[in-house]
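Single-structure report; data block below.
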Amino acid sequence: MSRWWLLVLLWAGLQAHAGVPADPFGSPMWEYNLERYLGADVQVRHDARIDLQVPAFAEDSAQVPLTLDLANFPHRPQRIIAWVDLNPVPHLFTYEPGVTPLRLIALNFRVQQATTVRAAVQDDEGIWHVASAQVDAAGGGCTAPSLTAANPDWERSFGTIRGRAFSRGDHLRYKTSVMHPMDSGMVDNIPAFFIEQVELRDAGEDELLLRLMLSESAAENPMFVFELPHPPAAPRLWMRDNHGNVFERRLVGETG
């Protein structure tokens, strides 16, 4: 190959990644996962205004807490995609907004090994703002069998939802959990069995407040925390797993 063609290919490669900054954590999956989840030819920026919180070390690789706080992010999120770079299924969740902007979201996830965790928030101009955090771990969380399904009485509590709403000044925080094995499909002879869609809706108007699409990296018996400004007092939480089971509950306030 001539030197001229090498220069052309090098220039094309630089153009393809012109909108992608370097990864401060040096993950080998950085550019691959950006294109996989955000698409090609997108504008990406690291943004310290997005507060992504994970523990420095995961004491339990099957239950790692993640909090994404957008209190200092000045844009209304158009979409949020979170992933775990080195998990067998990196995708954790995709958030789609409803009529009310999201202030905070938290949930637990599985981690297979020490890895970087990402949250990409798209603004109204289509630019992706990325926050990253590193979590160390002994590993194996994605390939560990569900403790819930090992309980012979688990079917009695399967699908049980607990949740309430709590006042946070001019915001409401919804904290809810559901009993579900959330099998990743990575254990021999145990197929994938997990909640794949979560919606919060105005119980009166049936307006969508938020939609969350989950993948196999979410932890079993998942707990979700959502914080929204000025939402209705008792919205309806709706969930569906990949086997078609549907779970619903109204989330009442502190005194409800």
Do [X] and [Y] come close enough that some side-chain heavy atom pair is under 4.5 Å?
X	Y	value
P88	Q112	yes
I105	F93	yes
V111	N87	yes
R240	E196	yes
T143	R110	no
T100	P229	yes
L251	L200	yes
D202	P235	no

R201 side-chain N/O to D206 backbone N/O, donor-acceptor pair under 3.5 Å: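 Checked: pair present.
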Sidechain-backbone polar pair: S217 side chain, V89 backbone, donor-acceptor under 3.5 Å: yes
Whether over 12 other heavy atoms sit under 6.0 Å from [X] [atom1]:
X	atom1	answer
Y32	OH	no
R162	CZ	no
R49	CZ	yes

Please report the shortest heavy-atom distance between [X] and [Y], naming the atom on each side.
X	Y	answer
A62	A219	O-CB, 3.3 Å
W30	D85	N-OD2, 4.5 Å
A131	L52	O-CD2, 3.5 Å
R118	S132	NH1-OG, 2.8 Å
L102	I80	CD2-CD1, 3.9 Å
S146	D183	CB-OD1, 3.2 Å

Taking [Y] as the starting point, is it possible to reach [X] by hopping between hydrophobic residues whose side chains are less than 4.5 Å apart?
X	Y	result
F247	V198	yes
L172	I161	yes
Y174	M179	no
M182	W238	no
V99	L237	yes

Can you tell me how far [atom2] of [Y] sits from [atom1] of [X], rounded to the nearest 0.5 angstrom?
X	Y	atom1	atom2	answer
L212	L92	CG	CG	8.0 Å
F158	N245	CZ	CG	4.5 Å
F25	T115	CZ	OG1	10.5 Å
L107	Q63	CG	CD	10.0 Å
Q53	L68	CD	CG	9.0 Å
W83	T116	CH2	OG1	11.0 Å

Residue pair M29, L86: steps toward the side-chain contact (heavy atoms from CB on, under 4.5 Å) verdict: CA-CA 7 Å; M29 302 300 292; L86 300 182; 3.7 Å; yes
Check against side-chain contact (heavy atoms from CB on, under 4.5 Å), Y95 and V121: CA-CA 9 Å; Y95 157 86; V121 184; over 6 Å; no
Parallel, tilted or perpendicular: ring planes of Y37 versus H91, cut at 30 and 60 degrees: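 Rings of Y37 and H91: tilted, as their planes differ by 30° to 60°.
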side-chain contact (heavy atoms from CB on, under 4.5 Å) between L34 and W128, worked out: CA-CA 10 Å; L34 282 180; W128 288 97; over 6 Å; no
Criterion side chain to side chain donor-acceptor pair (under 3.5 Å) on D124 and Q78, from CA distance to verdict: CA-CA 6 Å; D124 52 9; Q78 300 302 304; 5.4 Å; no
Audit row: L104, F226, side-chain contact (heavy atoms from CB on, under 4.5 Å) steps and yes/no: CA-CA 6 Å; L104 178 144; F226 307 115; over 6 Å; no
Qualifying residue for side chain to side chain contact (heavy atoms under 4.5 Å, CB included) with H129, from D47, V44, L70: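 Answer to the side chain to side chain contact (heavy atoms under 4.5 Å, CB included) test with H129 among D47, V44, L70: D47.
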